[in-house]
Number of protein chains: 2
Amino acid sequence: MSEPRKIGLIAGAGPLPIEIARNCEASGIEIFMSRITNISDKETKQFVGDEHSLGHFGTRMASLKAANIKTIVFAGKIDRPDFEALEMDDVGEVMRPILANAAGDDAVMRIILAEFAAAGFEIIGPDTLLKSLLAPLGPLGKIAPNTAQLADIEIAAKVATEIGRHDIGQGCVVCNGIVLAVEAQEGTDEMLKRVAKLPVDIRGTLNNPMGVLCKRPKPIQEMRIDLPTIGVATLENAIAAGLAGIAVQAGGALIAQREKLIASADAANIFIFGFDAELGSPN
Amino acid sequence: MSEPRKIGLIAGAGPLPIEIARNCEASGIEIFMSRITNISDKETKQFVGDEHSLGHFGTRMASLKAANIKTIVFAGKIDRPDFEALEMDDVGEVMRPILANAAGDDAVMRIILAEFAAAGFEIIGPDTLLKSLLAPLGPLGKIAPNTAQLADIEIAAKVATEIGRHDIGQGCVVCNGIVLAVEAQEGTDEMLKRVAKLPVDIRGTLNNPMGVLCKRPKPIQEMRIDLPTIGVATLENAIAAGLAGIAVQAGGALIAQREKLIASADAANIFIFGFDAELGSPN
């Protein structure tokens, strides 16, 4: 693929779309910000683009084509809507029954990708535009996991694989070999908040942090979209949950707000660790 | 096994130990209530017995033997403590490193059972004392799941099997084919409370209930202890979470407060359904 000079960015929630757009501007790549009503961050409005409801697939495609966009990228979180009730345009109406019957989030994303591909768009991953987004192998900051923490990471990596294999979620929390929490539709932040409420007997604390948040792609993951993402908010919730660190699959997770994240993790003595994709993967 | 006439009941939290004790009294079986400090319900004090800290395994065994108890039953919930920090007696100290290294709850319970068995006790399941405790096959009250709900039950049964296979937990919530929540250390009630906070787009509501709570034994489950249990509190949380019903494995789950539970479920138009053990089980 030759480097595209103009990209349509379909902006889910959170700071990631803005981070990617700024980086593209800095490298001379033109961004057309394709915002989603009530989902994209307000700050996305500072970029050239337009806005459509989530279910207006056809209008969005037409608008991207009118802006001469051939390549698109999806970035940011989009909570799964009720596809049976979602307001749709004509293209959306055709997609509705297929989307409504998709059992997991990955299944939904594959259907949407296929629809954009069928309309002639090339879809690239956010990491194509911002190489430093992908988690590297090993510790990201100054802190590295110790032997006990590495053991928790290995268990967590296995559990996350199983959860992902069934398209349930991308993450879990393990502390001293015990699975404290498994992520489904509530998302990582809610999972971490619940760990913070578990009895201190089985988890770490601010003064004595223990255990790890692990996020990794599903074994069935479409790698161009919806990769596990961690950022400053993830770190803050992990600290509040008494965790010793965060582990993500190297090359299989996005790091948002990288510099701030590393500085905050170092300051809090929390590790952020990229583990090898082989760890705890399906045989 | 000939019917024992005197039983030691090691009482975890909740109403189940009291329900079993009352039933035993009514059938002429003598109960010695072996209470656990800060865990057993206050009402357990009305029964003959005594009380020990959770980690005082040796003292508890000696006391049961002094009361001429040969058969014991474990009933009620015991949250996993931090075995490294738990105050232990001499027998407990021997068990401590093994317990501390046990990765899952089932592993912990097997170690404790083995210790009581080695001390000469016969351990029976609560359902041996109260036959009506075990969930029957089919609907428990007047309401039966419809076709869409049966489809959710099948998915939930499969997911619960996978969760259990890894000794993570016994339950999950599925709505329209989507796994809304998976249970780990937080327990069923907390899981249901979190489903109630998910966007209404992907779950049911009081007026339009959808989805199912599923609980089943782990494939590795020791069937004499820690069987999944549902009661009136479970039902109330399931209703608040907008669920259409509760499904448990027939013969593999305990029904506490049975009459009140059925009456409340019928009044709320919620199904309680016992599914066949084959459904979603490992091949």
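We name chains A, B, ... by the order of the sequence lines, and we start the count at 1 in each one.
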Between chain A and chain B, which N and O donor-acceptor pairs fall under 3.5 Å? A table would be great.
from: A:Leu180; atom 1: O; to: B:Gln185; atom 2: N; distance (Å): 3.2
from: A:Gln185; atom 1: N; to: B:Leu180; atom 2: O; distance (Å): 3.2

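Of all the listed residues (B:Val195, B:Val200, B:Ile168), the one sharing the greatest number of non-hydrogen pairs under 4.5 Å with chain A is B:Ile168.
The heavy-atom pair separating A:Val182 from B:Ala184 by the smallest distance is N-CB, 4.2 Å.
Proximity to chain B (any heavy atom under 4.5 Å) is shown, for A:Leu86, by neither the backbone nor the side chain. Neither the backbone nor the side chain of B:Ile155 comes within contact range of chain A; no heavy atom of the residue lies under 4.5 Å from a heavy atom of that chain. The parts of B:Leu180 that come within reach of chain A are both its backbone and its side chain, each placing non-hydrogen atoms under 4.5 angstrom from that chain. In this structure, chain A has a heavy atom under 4.5 Å from the side chain of B:Val159, while its backbone stays farther away. Both the backbone and the side chain of A:Ile178 come within contact range of chain B, judged by heavy atoms closer than 4.5 Å.
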